[in-house]
Amino acid sequence: MRELDEHALAMPQTTKDVSDDGRPSYVVHGKLFCCHRSRRRDAVDTQTGERLDDVLMFRVADLGVKELLLADDRGVFFTTPHFDGYPAVLMRIPDLARIDRDELRDMVVEAWLTRAQKRVAKVWLQEHAERES
């Protein structure tokens, strides 16, 4: 979670809101791009039937990207009926250990790009393209 926090807050104009029970939400221009969801009846442990308390939500670019992530053989990403037709994937916090730091950074960047203002995203993309050249 520390790395998620670092990556999200490294993105321009991002703010972090924390719920009363300590769950972070990351917002750019008033738009949510990643959060630690509260217990919801749509996400339950398949073995116990208990509502999951450790679910992260990441926005994705579109439903095609969502389907690609859901098809990942590792089974890290999932969705619920609540997110049908909505460009976002879910992930349990313990599964953060199953992806590497670069993949987590990419998830955060892609989520941020879906919500950032176009001009801000364009500047960020140009700056990072120049650094990698």
Side-chain angles (χ1 to χ4, degrees):
M1 287 295 289
R2 180 183 45 76
E3 286 181 9
L4 172 62
D5 198 61
E6 289 172 11
H7 292 311
L9 293 175
M11 301 309 297
Q13 301 181 16
T14 294
T15 58
K16 177 181 176 181
D17 296 325
V18 179
S19 66
D20 291 340
D21 62 353
R23 296 170 191 276
S25 296
Y26 303 95
V27 178
V28 60
H29 307 120
K31 296 179 181 180
L32 178 73
F33 66 92
C34 179
C35 70
H36 179 180
R37 295 180 76 208
S38 60
R39 288 180 191 250
R40 305 253 174 99
R41 63 179 169 223
D42 68 322
V44 296
D45 186 298
T46 55
Q47 295 177 3
T48 67
E50 295 286 322
R51 289 182 185 180
L52 297 175
D53 192 33
D54 60 354
V55 176
L56 299 171
M57 184 278 300
F58 294 89
R59 285 286 307 232
V60 295
D62 57 43
L63 295 177
V65 171
K66 177 179 181 171
E67 292 305 316
L68 284 172
L69 290 170
L70 293 175
D72 185 297
D73 290 338
R74 296 171 296 177
V76 172
F77 304 103
F78 69 99
T79 191
T80 66
H82 176 77
F83 287 96
D84 285 351
Y86 187 77
V89 293
L90 305 174
M91 168 192 256
R92 294 189 70 184
I93 291 171
D95 288 334
L96 287 171
R98 296 175 58 199
I99 65 173
D100 66 30
R101 182 175 174 84
D102 290 340
E103 187 175 1
L104 177 59
R105 185 194 68 237
D106 292 347
M107 288 292 301
V108 171
V109 168
E110 293 300 321
W112 178 85
L113 286 169
T114 69
R115 307 306 274 168
Q117 292 174 348
K118 289 186 189 322
R119 65 178 173 73
V120 175
K122 183 178 178 180
V123 168
W124 186 89
L125 287 167
Q126 287 173 340
E127 288 174 355
H128 284 77
E130 290 169 8
R131 287 182 196 162
E132 293 182 16
S133 315

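Between S25 and L32, the closest heavy-atom pair is CB-CD1, 3.7 Å. Taking all atoms of both residues into account, the shortest heavy-atom contact from A121 to L113 is CB-CD2, 3.7 Å. Minimum heavy-atom separation, D54 to P94: OD2-CD, 3.2 Å. Taking every heavy atom of both residues into account, L69 and F77 meet most closely at O-CD1, 3.6 Å. Summarising the geometry of F33 relative to W112, their closest heavy-atom pair is CD1-N, 3.6 Å, with the distance given to 0.1 Å. P12 and V120 make their closest contact through CB-CG1, 4.2 Å (heavy atoms, listed as atom of the first residue, atom of the second, distance).
M57 and M91 end up in different hydrophobic clusters when Ile, Leu, Val, Met, Phe, Trp and Tyr side chains are linked at under 4.5 Å. Linking Ile, Leu, Val, Met, Phe, Trp and Tyr whenever their side-chain heavy atoms come within less than 4.5 Å leaves L56 and V27 in two separate clusters. Hydrophobic clustering places I99 together with V89 (ILVMFWY residues linked when any side-chain heavy atoms are closer than 4.5 Å, directly or through intermediates). When hydrophobic clusters are built by joining Ile, Leu, Val, Met, Phe, Trp and Tyr residues whose side-chain heavy atoms come closer than 4.5 Å, directly or via intermediates, F83 is not grouped with I93. Note on L68 and Y86: separate hydrophobic clusters, where clusters join Ile, Leu, Val, Met, Phe, Trp and Tyr whose side-chain heavy atoms are under 4.5 Å apart, directly or indirectly.
A 4.5 Å side-chain heavy-atom check between R105 and E6 finds every atom pair outside the cut-off. Considering only heavy atoms from C-beta on, T114 stays 4.5 Å or farther from V60 through its side chain.
The backbone N or O of Q117 lies less than 3.5 Å from a partner atom in the side chain of H29, making a donor-acceptor pair.
Checking V108, L4, T15 one by one against Y26, the side-chain contact (heavy atoms from CB on, under 4.5 Å) holds for a single residue, L4.
Screening residues 66-77 for salt bridge (charged side-chain N to carboxylate O under 4.0 Å, His left out), with sequence neighbours left out, gives D72-R74, R74-E103.
Ion pairing of R2 with D5 is absent here, as no side-chain N (NZ or NE/NH1/NH2) approaches a carboxylate O to less than 4.0 Å. Salt-bridge formation is not detected for the pair R92/D95: no Lys NZ or Arg NE/NH1/NH2 atom is positioned less than 4.0 Å from an Asp or Glu carboxylate oxygen.
M107 CE to C34 SG: the interatomic distance, rounded to the nearest 0.5 Å, is 8.0 Å. Atoms CG and NE2, from L90 and H82 in turn, are 9.0 Å apart once rounded to the nearest 0.5 Å. Annotation: the span from T14 atom OG1 to H7 atom NE2 amounts to 13.0 Å, rounded to 0.5 Å. Atoms CG and CZ, on D106 and F58 in that order, are 11.5 Å from each other to the nearest 0.5 Å.
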